[in-house]
K.L.:
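Take this structure, written in structure tokens, and hold onto it; I'll ask about it next.
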Amino acid sequence: MKKLTLIVPVYNNAPYLKRCFHSLNHEEIEVIIVNDGSTDHSKEVIEELCKSNKSFKAIHIENQGAAHARRLGLTYVNTKFFGFVDSDDLINTKSYMNVCYQLDSYNLKVANGRMTVFLPNSRIPLTSRKWSKNIIDFKTDKREFSNITCSLLDKIFSSDLIPLFDQESKQVVYEDLEFVYYVLAKSEQMLHSNLPIYQYRMRGLSGNSTSAHGLHMKQSNGIKGLIGAGDSMKEKFKQDDLYQEYSDELDSIMIKLIFQRIKGIHGVKEIINKKEMIALLLELLNAYIPNWQNNPYYQERFKEAEWNDYLFYLISSYIIRKYRLPKTVQTQRDYHTILNDYDRKIKIKSL
């Protein structure tokens with residue numbers, strides 16, 4: 001009897017597929033593979049894997065993006081729980097199923113575990129923090145809500161939540177952000193496990209990771225995608241009369257992600273007008289979240305945040321001071337106009 005369905009979008013990841021899918025092999029797991037119009041030999045690898053494992057089901061479609069592929073995969077879920085996996089990543093099936101059993105015993109609808117991230121050109125893996133609580137009530141634990149990772153990959157969901165995901169999405173990058181906090185708020189509670197369940201491998205811009213492309217600093221697609229996902233996320237909260245209750249937490253999440261980009265711009269050698277571009281991001285932040293410095297989580301220096309979020313905050317704060325840039329920027333421009341300046345103003349030097 002299958003207990004869990006894993007949905008795996010695939011786009012031109014043939015070299016990594018066997019390794020990924022071998023890690024998903026478990027008697028209680030069904031795998032839905034959505035081949036999103038791959039142009040390499042991913043289709044052949046997928047068909048070979050499906051022949052050797054009856055728990056794997058393949059769907060081949062024209063390329064429409066990861067968000068569409070995940071949504072299509074959800075229509076094939078016939079188990080009590082489901083989750084999402086990227087096709088070049090790995091899971092720990094023993095830990096993953098352990099979290100499923102805990103979710104079942106507590107009769108909750110969503111859980112998360114710890115994710116280990118392997119960054120490009122880094123030998124040191126980074127694992128998300130341990131938590132002191134195993135049941136998070138978002139009505140009372142608002143800080144924990146704001147500190148949860150914005151990824152769908154380290155989470156397991158009840159199939160009762162599928163209707164919340166069954167919505168059109170235009171996101172190419174930051175597609176997780178659009179849904180994850182909305183689904184958590186609607187669920188009201190979450191089980192947290194300190195078991196490491198997921199290994200995420202960011203292979204850089206030469207690969208097909210939407211997250212990696214979202215962090216591309218030399219063009220505006222990433223920051224536009226971030227703001228677009230933030231707008232869509234907030235709209236979902238407003239439609240369900242949840243925005244007022246979670247506005248500080250949602251703003252905190254967006255502040256941390258914009259600070260991440262400030263750090264990112266500073267780290268790209270080819271960008272020769274770093275100060276100008278960081279000033280542009282600060283103007284964007286002030287236009288997008290007026291009075292952002294009054295956010296309670298920012299004022300607490302993102303207490304108990306994931307270590308990388310806190311590190312990005314510290315480094316970005318130092319960079320802002322280094323360039324002697326004012327944090328409060330008076331601007332009459334809306335943030336869409338500021339975003340359109342990104343590609344026009346950025347100056348790239350060839351190495």
K.L.:
Regarding K238 and the six-membered ring of Y243, is the cationic atom NZ or CZ under 6.0 Å from the ring centre and inside 45° of its axis?
P.N.:
yes
K.L.:
Has Q239 got more than 12 heavy atoms of other residues, nucleotides or ligands less than 6.0 Å from its CD?
P.N.:
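Yes, the 6.0 Å shell around CD holds more than 12 heavy atoms from other groups.
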K.L.:
Less than 4.5 Å apart, any side-chain heavy atom of M97 and any of H26?
P.N.:
yes
K.L.:
Hey, does F84 have a side-chain heavy atom less than 4.5 Å from the side chain of L74?
P.N.:
yes
K.L.:
With a distance cut-off below 6.0 Å to the six-membered ring centre and an angular limit of 45° from the axis, does K236 pair with F179 as a cation-pi contact?
P.N.:
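Because its charged atom sits under 6.0 Å from the ring centre and within 45° of the axis, K236 does stack over F179.
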K.L.:
Cluster question for you: counting only ILVMFWY and a side-chain heavy-atom cut-off of under 4.5 Å, with indirect links fine, are I32 and I61 together?
P.N.:
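Linked within one cluster.
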K.L.:
Which atom pair, heavy atoms only, marks the closest approach of K256 to S146?
P.N.:
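Looking at all heavy atoms of both residues, the closest pair is NZ-O, 2.8 Å.
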K.L.:
Have Q102 and N98 got a donor and an acceptor in their side chains that come within less than 3.5 Å?
P.N.:
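Yes, N98 and Q102 have a side-chain donor paired with an acceptor closer than 3.5 Å.
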K.L.:
Quick check: does any side chain N or O of Y181 sit under 3.5 Å from a backbone N or O of C150, one acting as donor and the other as acceptor?
P.N.:
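Answer holds: yes.
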K.L.:
Between S42 (side chain only) and A14 (backbone N and O only), is there a donor and an acceptor less than 3.5 Å apart?
P.N.:
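Yes: the side chain of S42 pairs with the backbone of A14.
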K.L.:
Quick check on Q244: does its CD atom have over 12 non-hydrogen neighbours (other residues, nucleotides or ligands) under 6.0 Å away?
P.N.:
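No.
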K.L.:
May I ask you to check whether N12 and T39 show a side-chain donor-acceptor distance below 3.5 Å?
P.N.:
yes
K.L.:
Taking the side chain as every heavy atom from C-beta outward, state whether L250 and F145 have any atom pair closer than 4.5 Å.
P.N.:
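Result yes, sub-4.5 Å side-chain heavy-atom pair found.
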K.L.:
In the single-linkage hydrophobic clustering (I, L, V, M, F, W, Y; side-chain heavy atoms under 4.5 Å), do V31 and L152 co-cluster?
P.N.:
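Cluster IDs for V31 and L152 match.
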K.L.:
Can any side-chain N or O of S23 pair as donor or acceptor with the backbone N or O of I91 at less than 3.5 Å?
P.N.:
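At least one qualifying donor-acceptor pair exists.
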K.L.:
So, do E144 and D137 sit near enough that their side-chain heavy atoms are less than 4.5 Å apart?
P.N.:
no
K.L.:
Are Y288 and E283 linked by a side-chain donor-acceptor pair shorter than 3.5 Å?
P.N.:
no
K.L.:
When you measure from the side chain of Q171 to the backbone N and O of G225, does any donor-acceptor pair fall under 3.5 Å?
P.N.:
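Yes, the answer is positive, given that a donor and an acceptor are paired below the 3.5 Å cut-off.
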K.L.:
First locate atom CG of D341, then atom CE of M277, and finally report the distance between them rounded to the nearest 0.5 Å.
P.N.:
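Result: 8.5 Å between the selected atoms.
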K.L.:
Counting only heavy atoms from other residues, nucleotides and ligands, does the tally under 6.0 Å from CG of D334 exceed 12?
P.N.:
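Enclosed.
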K.L.:
Are I7 and L49 connected, step by step, through hydrophobic side chains (Ile, Leu, Val, Met, Phe, Trp, Tyr) whose heavy atoms are closer than 4.5 Å?
P.N.:
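Same hydrophobic cluster.
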K.L.:
Taking it one step at a time, do D251 and K234 satisfy salt bridge (charged side-chain N to carboxylate O under 4.0 Å, His left out)?
P.N.:
CA-CA 9 Å; D251 283 347; K234 290 180 180 180; 3.3 Å; yes
K.L.:
Measuring from atom CD1 of I255 to atom CD of Q260, what distance do you get when rounded to the nearest 0.5 angstrom?
P.N.:
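Rounded to the nearest 0.5 Å, the CD1-CD separation comes to 14.0 Å.
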K.L.:
Below 4.5 Å, heavy atoms only, C-beta onward: do D36 and V10 meet side chain to side chain?
P.N.:
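Heavy-atom side-chain distance check fails, nothing below 4.5 Å.
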K.L.:
Is D240 salt-bridged to K186, going by a charged N under 4.0 Å from an acidic O?
P.N.:
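Looking at K186 together with D240, the answer is yes, because their closest N to O distance falls below 4.0 Å.
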K.L.:
Could you verify whether a donor N or O on one side chain and an acceptor N or O on the other, from E62 and H68, lie under 3.5 Å apart?
P.N.:
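There is no such pair between these side chains.
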K.L.:
Name the residue from F312, W292, Y318 that meets the ring-ring contact (aromatic ring centres under 6.0 Å, His included) definition with F259.
P.N.:
W292
K.L.:
Salt bridge or not between D88 and R19? Use side-chain N to carboxylate O under 4.0 Å.
P.N.:
no
K.L.:
Side chains of Y335 and D231: donor-acceptor distance under 3.5 Å anywhere?
P.N.:
yes
K.L.:
Would you check if there is a donor-acceptor pair between the side chains of N286 and T331 at a distance under 3.5 Å?
P.N.:
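Per modelled atom types, T331 and N286 side chains form no pair under 3.5 Å.
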K.L.:
Does the side chain of K109 come within less than 4.5 Å of M190's, by heavy atoms?
P.N.:
no
K.L.:
Ignoring hydrogens and angles, write down the donor-acceptor pairs under 3.5 Å from the side chains of residues 322-329, residues two or more places apart or on other chains.
P.N.:
| unit_1 | atom_1 | unit_2 | atom_2 | d |
| --- | --- | --- | --- | --- |
| K327 | NZ | Y298 | OH | 2.8 |
| T328 | OG1 | Q293 | NE2 | 2.8 |

K.L.:
Can you tell me which residue among N13, L17, V85 is in a side-chain contact (heavy atoms from CB on, under 4.5 Å) with V8?
P.N.:
V85
K.L.:
Under a 3.5 Å cutoff, is there a donor and acceptor pairing between the side chains of N340 and T337?
P.N.:
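Short answer, no.
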K.L.:
Are the side chain of K274 and the backbone of I271 linked by a donor-acceptor contact shorter than 3.5 Å?
P.N.:
yes
K.L.:
Answer yes or no for K224 and Y342: cation-pi contact, defined as NZ/CZ to six-membered ring centre under 6.0 Å and angle to ring axis within 45°.
P.N.:
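No, K224 and Y342 do not form such a contact.
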K.L.:
Take atom NZ of K170 as the centre, draw a 6.0 Å sphere, and report whether it contains more than 12 heavy atoms from other residues, nucleotides or ligands.
P.N.:
no
K.L.:
How about F21 and F56: are their ring centroids closer than 6.0 Å?
P.N.:
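When the ring centroids of F21 and F56 are compared, they turn out to be within the sub-6.0 Å range.
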K.L.:
Given side chains that start at C-beta, do those of I33 and I59 come closer than 4.5 Å, heavy atoms only?
P.N.:
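No, their side chains stay 4.5 Å or more apart.
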K.L.:
Consider only side-chain heavy atoms of I, L, V, M, F, W and Y, link residues closer than 4.5 Å, and tell whether I227 and I253 are in one cluster.
P.N.:
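In one cluster: yes.
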K.L.:
Under the side chain to side chain donor-acceptor pair (under 3.5 Å) rule, collect the residues that match up with D154, sequence neighbours excluded.
P.N.:
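For D154 the side chain to side chain donor-acceptor pair (under 3.5 Å) partners, ignoring immediate neighbours, are T149.
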K.L.:
Applying the side-chain contact (heavy atoms from CB on, under 4.5 Å) test to I136, which of N147, L191, D141, L108 qualifies?
P.N.:
D141
K.L.:
Would you kindly say whether N35 and S38 are connected by a side-chain donor-acceptor distance under 3.5 Å?
P.N.:
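The criterion, which ignores hydrogens and geometry beyond distance, is satisfied for S38 and N35.
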K.L.:
Working to the nearest 0.5 Å, report the span between NZ of K155 and CD1 of I197.
P.N.:
9.0 Å
K.L.:
For residues 301-311, run the donor-acceptor check on the side chains, cut-off 3.5 Å, and write out each pair with its distance to 0.1 Å, sequence neighbours left out.
P.N.:
| unit_1 | atom_1 | unit_2 | atom_2 | d |
| --- | --- | --- | --- | --- |
| R301 | NH2 | Y310 | OH | 3.4 |
| E306 | OE1 | R129 | N | 3.0 |

K.L.:
Does K3 pair with E30 as a salt bridge, N-O distance under 4.0 Å?
P.N.:
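No, this pair does not count.
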K.L.:
Would you say N112 and H192 are linked by a side-chain donor-acceptor pair, where the criterion is simply a distance under 3.5 Å?
P.N.:
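Judged by distance alone, the side chains do pair up.
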K.L.:
Y76 versus N78: any side-chain heavy-atom pair under 4.5 Å?
P.N.:
no
K.L.:
Under 6.0 Å from the NZ atom of K142, do we count more than 12 heavy atoms belonging to anything else shown?
P.N.:
yes
K.L.:
Could you tell me the separation between the CD1 atom of I338 and the CG atom of L282, rounded to the nearest 0.5 Å?
P.N.:
10.5 Å
K.L.:
Can we say R70 and D86 salt-bridge, meaning some charged N sits less than 4.0 Å from an Asp/Glu carboxylate O?
P.N.:
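The answer is yes: the pair qualifies as a salt bridge.
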K.L.:
Got a salt bridge between E27 and K2, using NZ or NE/NH1/NH2 to carboxylate O under 4.0 Å?
P.N.:
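The answer is no: the pair does not qualify as a salt bridge.
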K.L.:
Find the distance between CG (L103) and CZ (F81) and round it off to the nearest 0.5 Å.
P.N.:
4.0 Å
K.L.:
Would you call E168 and R71 a salt bridge, taking side-chain N to carboxylate O under 4.0 Å as the test?
P.N.:
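Result for this pair is yes, salt bridge flagged.
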K.L.:
Working to the nearest 0.5 Å, report the span between NZ of K80 and CE of M1.
P.N.:
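So the gap between those two atoms works out to 10.0 Å.
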K.L.:
With distance as the sole criterion, is a donor-acceptor pair present between the side chains of D89 and Y198 under 3.5 Å?
P.N.:
yes
K.L.:
For the hydrophobic clusters of this structure (ILVMFWY residues joined by side-chain heavy atoms under 4.5 Å, transitively), does one cluster hold both L281 and Y313?
P.N.:
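Yes; tracing contacts between hydrophobic side chains, which count when under 4.5 Å, links both residues.
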